[in-house]
There are 2 protein chains.
Amino acid sequence: MALLDEEGVGRLTMRRLAERLGTGSTTLYWHVKTKDDVLDLALDAIFAEVGIPQRGAPDWRAGITALISEWRAVLLKHPWSAALLGRPMLGPNVLARSEFLYATLLEAGIADPHLTAAAYGLSNYVIGSALMQTTWPTGEEQAARQATQDHLHANRERYPTLATHGPLVVDGDWDTSFTIGLTWLLDGIQANAATTRGRGRQTERE
Amino acid sequence: MALLDEEGVGRLTMRRLAERLGTGSTTLYWHVKTKDDVLDLALDAIFAEVGIPQRGAPDWRAGITALISEWRAVLLKHPWSAALLGRPMLGPNVLARSEFLYATLLEAGIADPHLTAAAYGLSNYVIGSALMQTTWPTGEEQAARQATQDHLHANRERYPTLATHGPLVVDGDWDTSFTIGLTWLLDGIQANAATTRGRGRQTERE
DNA sequence: ACCTGAACACCGTTCAAGT
DNA sequence: ACCTGAACACCGTTCAAGT
């Protein structure tokens, strides 16, 4: 994990990892079957840092929001992790998080087509957000950032809206954008919880 | 692209690519600076397949939905692509798609904090969905799928909700889940378009 | 039960040299 | 302007051998 945090996934090597651990590289293969196993273990390990809120709180939205926010914070803290999410997540820490998510939504009155959609939707949204944010040229890579801005401005006839309203131009902060989108999702989920219980109808929008 | 589609990103090698092209591996370095460049080019190339709807249609929701659906279809058609989205997307085809997205939202009356949130939210959602769907054990890997189901069932005291309502158990189809979540996002965006124009207020939720 | 060293088949990339 | 071959420094992984 230290190696990953400091140097990124591209520089994680069985040989370098072994060196860090003070052994020969081939020794690792006694404890681990393959390099992919190392990555799977590292990925599940960061989920241990995701604090799981107390179950059964009266305000389910607060609970879900807390979980999703913690999850996002952890993904951003370990920038290599988001890119690794393209592998099945079945470690115990991941499952504990999923259990909370499903249980809370279920108690909130979300029934089954919407339940799956809600769990997927929230997960997809966090993963996509973290992936995009950790990918994008950060403030440090001012050069790359400036280059794309220039490129957009140079081709502003072809991309008029992007050149004036696009990201990297307005650079609103990630947090508020994330919160707004999360609110939209939660509103939708909440509306369908109401549907299940008999109030309102919002699902069909042809 | 053919090599990627057939064998996946893990088997894309400069040497194998060269062989496929009928040259020596080192020849490639005349046309391309590094292997990452190859991946960047491949990634932008698939965006050329994303059909961009006609601009300025009366129903902006239909336009956005069409774009997002096409985008998703292309990502799923090239399963290696979603995992590659963890790199800046600045090719011309990507930019054309972004331009449509921003322009259509802007014309729909979405103003700037919400505009960025909407563009990010939609993009994050498609990317996350495609990544998760292409990652998850497909029907072909029945073994892996069954193994995780068994594991969940064996530990059903610890994961009661997952064991009975989790994914891989109910296996609702991806398409409907995706559509439901997309509807939630669009509803939220639409509500904020109305806000901008003076009707309703939904942004603040304590 | 755990560690080591040598070895294998493969990488991405450079560079002088060819046409 | 484009292609080639040899070469470098590095991979993941195996396996017989040690303790």
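As a basis for the values below, the full set of heavy atoms in this structure was taken, side chains included, without hydrogen atoms, waters or symmetry mates. Reminder, nothing fancy here: chain letters follow the sequence lines and each chain counts from 1.
The residue among Thr13(A) and Lys33(A) whose nearest nucleotide of DNA chain D lies closer to the 5′ end is Thr13(A). Both Arg15(A) and Gly22(A) lie near DNA chain C, and the one whose nearest nucleotide falls closer to the 5' end is Gly22(A).
Comment: Arg55(B) engages Glu107(B) in a salt bridge, judged by a side-chain N to carboxylate O separation of less than 4.0 angstrom. Checked for salt-bridge contact, Arg72(B) and Asp175(B) meet the test: a charged N lies under 4.0 Å from a carboxylate O.
Rounded to whole Å, atom P of dC2(D) lies 14 Å from atom CG of Leu28(B). In this structure, Met14(A) atom CE and dC8(C) atom C1' are separated by 17 Å, rounded to whole Å. What separates CG of Leu12(A) from C1' of dC11(D) is a distance of 12 Å, to the nearest Å. As rounded to whole Å, 11 Å separates atom P of dG12(D) from atom CZ of Arg16(A). One atom, CD of Glu19(B), and another, P of dT4(D), lie 13 Å apart when rounded to the nearest Å. Taking atom CG on Asp37(A) and atom P on dG12(D), their separation rounds to 14 Å, with Å as the unit. With rounding to whole Å, Lys35(A) atom NZ is found 4 Å from dG12(D) atom P. The distance between atom OH of Tyr29(A) and atom P of dC15(D), rounded to the nearest whole Å, is 13 Å.
OP1 or OP2 of dC3(D) lies within a sub-4.0 Å distance of a side-chain N or O belonging to His31(B). Between Thr34(B) and dT13(C), a side-chain N or O to OP1/OP2 separation shorter than 4.0 Å is present. Contact annotation: Trp30(B) side-chain N/O to dC2(D) OP1/OP2 distance is under 4.0 Å. At the phosphate of dT13(D), neither OP1 nor OP2 sits under 4.0 Å from any side-chain N or O atom of Thr26(A).
Counting any heavy atom pair closer than 4.0 Å across all strands shown, Arg11(A) reaches no nucleic acid atom.
Checking dT14(C) for Watson-Crick or G-U wobble geometry (two distances, each under 3.5 Å) identifies dA6(D) as its partner.
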| request: Start with the C-alpha gap between Trp184(B) and Asp187(A), add the side-chain angles, then the distance that decides, and say whether side chain to side chain donor-acceptor pair (under 3.5 Å) holds. | output: CA-CA 7 Å; Trp184(B) 290 336; Asp187(A) 284 348; over 6 Å; no

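Contact between Leu67(B) and Gly51(B) at its shortest, heavy atoms only, is CD1-O, 4.1 Å.
Checked against the 6.0 Å centroid threshold, Phe178(A) and Tyr120(B) do not count as a close aromatic pair.
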